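To start, the structure itself, in structure tokens.
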Amino acid sequence: MNNTKYIFVTGGVTSSLGKGIVSASLAKLLKARDLRVTIQKLDPYINIDPGTLNPYEHGECFVTNDGAETDLDLGHYERFLDISTSQANNITTGRIYQSVINKERQGVYLGKTVQVIPHITNEIKDSIKLLGENNEYDVVITEIGGTIGDIESLPFVEAVRQLKWELKQDCLTIHLTLVPYLAAAGELKTKPTQHSVKKLQELGVQPDILVCRTEHNLEQDIRDKIARFCNVSTDSVIQSIDAKSIYAVPLLMQEEGLDKVVIQKLNIATKELPDLSKWNEFLEKQNNPRDEIVIGLVGKYVELQDSYKSIVESLDIAGVSNSCKVKLKWISSEKITPKNVEKKLSGIHGLLVAPGFGERGIEGKIEAIRFARENNLPFLGICLGMQCAVIEYARNVLDLKKAHTVEIDSETPHPVIDLMEDQKNISDMGGTMRLGQYDCELTKDSNAHKSYGKTSIKERHRHRYEFNNKYLEFFEENGMVATGKNPSNQLVEIVEIPAHKWFTGVQFHPEYKSSVETPHPLFIGFINACKT
Ligand code: GLN
């Protein structure tokens, strides 16, 4: 293909319409037609990245191989497309302004007044076009965060308006809207869509395709009406009906002909139909599980399940690959006490203790781990979950009663989890953790080795604290061993208890490297252990 094609996805009426899933589904359909596709998310907030955001704000922070802390939609992109994204795939207003202000300080603008148009919009346009450089991709999909009409996303929409003008036939805009059903009237209502498109038109952007979220089928007359009011052809009014699983959305979009309209409008020559055989196999298995297990997920943000998005999806995907339905029992770490732990963890086949920061709920996590260790319950601890497993072992097996992580207790006499040397003088919070992909060497015949089926792996990190190697010998002599280490600095990346049925704590985040077509081996290993 000659020119890279650009697709912009905007959202109207309300947030949470699932722009990320629709964008990822379209990308999947195009990739399944052998096109080289990537997706990018533009976020209108002023944070440089979501790394400093509380999960209550925007859910999980997703981490890429290159160590970028990004929006959770990038997790969907990777899981749908089986690709790796990078910092270039997630841009925030804060990052755009930071870059423009840095250039202003360097004198790059040669004495000009620095303004939203053209300087901020040019910076946005450059960030979009960056992915299309070097002929790496046939199609770049850019999802604009926020809802049309928000003040904060105006510069992004203006950049889209300008790019539509510059790129002409090589770009198109998809607008996602809501067609609500009013039960009292017994009708689907098109007015919010009409208004949202009007708003977009006021900003100079005529959408080419409308994807309409709805709880009921859109009959032909409704589609005709939307098309007439919004200046789009009827075949460009695409229904996006609620699906049982997010992974069914690509098929629904295909049935509606979204990919077909897109390739027609962009004049892309591809094979006639997308090859979705692997994807269909996955859905088939998802719909017909042979077994069912319950995993207890202990964390402190259990009321907001988006906080653990990648973990939930990784468990689900790994379960499907095993024809096993994974049910989750959400357990708030703050509510676990030595007295109620047995009851709280009742009915589960395995325990997963989630990543996290800070003191809240940490004693509950430690208590849950003690229960799993003592009762031979399969356990997977991720990042803080692994650190808690180490603290629990130190306190209850090694008899280091006051053992802790210095993150919580800087005066602990037994800092079994300690700050890394190179972290000691850092005062900035943003982007300063150990981030991104690092090598790890596995011990033969460990749970990890059996799961991965190889001894050299690469996994993504996001943490400041580490297993304190001064204690390693003491742990290993007493039954908890390091089965994964960073080969260049010997940092402990995995701990296991070989005498236990399946007890594995990982300092890294396996959930960031799991996709529908490549389920993560460690989650598969954990689920297998829970099943037997
Ligand atoms: N708070 C811990 C650290 O910074 C663990 C972080 C995490 O779980 N992602 O080391």
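These figures come from a predicted structure and were not determined experimentally.
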Within this structure, what is the [atom1]-[atom2] distance for the pair [X] and [Y], rounded to the nearest 0.5 Å?
X	Y	atom1	atom2	answer
His509	Leu435	NE2	CG	9.0 Å
Thr92	Leu53	OG1	CG	9.5 Å
Tyr247	Ser25	OH	OG	10.5 Å
Ile128	Gln40	CD1	CD	6.0 Å
Arg370	Asn396	CZ	CG	6.5 Å
Met480	Asn478	CE	CG	11.0 Å

[atom1] ([X]) with more than 12 external heavy atoms under 6.0 Å:
X	atom1	value
Lys402	NZ	no
Glu473	CD	no
Glu411	CD	no
Ile46	CD1	no

Do [X] and [Y] make a side-chain contact, defined as non-hydrogen atoms from C-beta onward lying under 4.5 Å apart?
X	Y	answer
Val211	Thr177	no
Glu143	Asp73	yes
Pro338	Glu367	yes
Cys383	Phe508	no
Val157	Ile148	yes
Pro378	Cys530	yes
Ile91	Ile124	no
Ile7	Thr142	no

Judged by modelled atom types alone, do [X] and [Y] share a side-chain donor-acceptor pair under 3.5 Å?
X	Y	result
Gln286	Asp316	yes
Ser333	Arg360	no
Asn340	Thr337	yes
Ser515	Asp82	yes
Asn65	Ser84	yes
Asn486	Asp439	no
Ser127	Arg95	no
Ser456	Glu441	yes
Gln387	Gln507	yes

Taking the ring of Trp502 and the ring of Phe379, is the distance between their centroids below 6.0 Å?
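No - the distance between ring centres of Phe379 and Trp502 does not fall below the 6.0 Å cut-off.
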
For this output row, return yes or no: ring centroids of Tyr45 and His58 closer than 6.0 angstrom.
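Yes - the distance between ring centres of Tyr45 and His58 falls below the 6.0 Å cut-off.
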
Applying salt bridge (charged side-chain N to carboxylate O under 4.0 Å, His left out) to Glu292 and not counting sequence neighbours gives Lys327

Run the salt bridge (charged side-chain N to carboxylate O under 4.0 Å, His left out) test against Glu69 and tell me which residues pass, sequence neighbours left out.
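For Glu69 the salt bridge (charged side-chain N to carboxylate O under 4.0 Å, His left out) partners, ignoring immediate neighbours, are Arg462.
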
Where the side chain of [X] meets the backbone of [Y], is there a donor-acceptor pair that is under 3.5 Å apart?
X	Y	result
Arg460	Val63	yes
Lys401	Arg395	yes
Thr412	Asp409	no
Asn90	Asp71	yes
Thr483	Val495	no
Asn89	Ser86	yes
Glu78	Thr85	yes
Glu407	Tyr465	no
Glu466	Leu491	no
Ser153	Gly146	no

Hey, are [X] and [Y] close enough for a salt bridge, meaning a charged N less than 4.0 Å from a carboxylate O?
X	Y	result
Lys28	Glu517	yes
Lys300	Glu334	no
Asp291	Lys531	yes
Arg213	Asp242	yes
Glu511	Lys309	no
Lys129	Asp126	no
Glu493	Arg434	yes

Looking at every heavy atom in both [X] and [Y], which two are closest together, and how far apart are they?
X	Y	answer
Thr443	Ala482	OG1-O, 3.6 Å
Ala354	Leu297	CB-CD2, 4.1 Å
Ala368	Val298	CB-CG2, 4.3 Å
Ile369	Ala389	CD1-N, 3.6 Å
Ala243	Ala248	CB-CB, 4.4 Å

Name all residues meeting the side-chain contact (heavy atoms from CB on, under 4.5 Å) criterion together with Ala24; count only those two or more places apart in sequence or in a different chain, and write none if there are none.
Ile39, Tyr77, Phe80

By side-chain contact (heavy atoms from CB on, under 4.5 Å), Thr147 pairs with (sequence neighbours left out) Ser15, Asp150

After noting the C-alpha distance and the side-chain angles of Thr93 and Glu152, does the key distance pass the side-chain hydrogen bond (donor to acceptor under 3.5 Å, both in side chains) rule?
CA-CA 8 Å; Thr93 294; Glu152 55 181 14; over 6 Å; no

Residue pairs passing the ring-ring contact (aromatic ring centres under 6.0 Å, His included) test with at least one member in residues 427-459, sequence neighbours excluded, are Tyr438-His461, Tyr452-His520

Selection residues 293-321 - residue pairs positive for ring-ring contact (aromatic ring centres under 6.0 Å, His included), sequence neighbours left out
Tyr56-Tyr301

Please state whether the rings of Tyr471 and Phe475 are parallel, tilted or perpendicular, taking 30° and 60° as the class boundaries.
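Geometry flag for Phe475 against Tyr471: perpendicular rings.
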
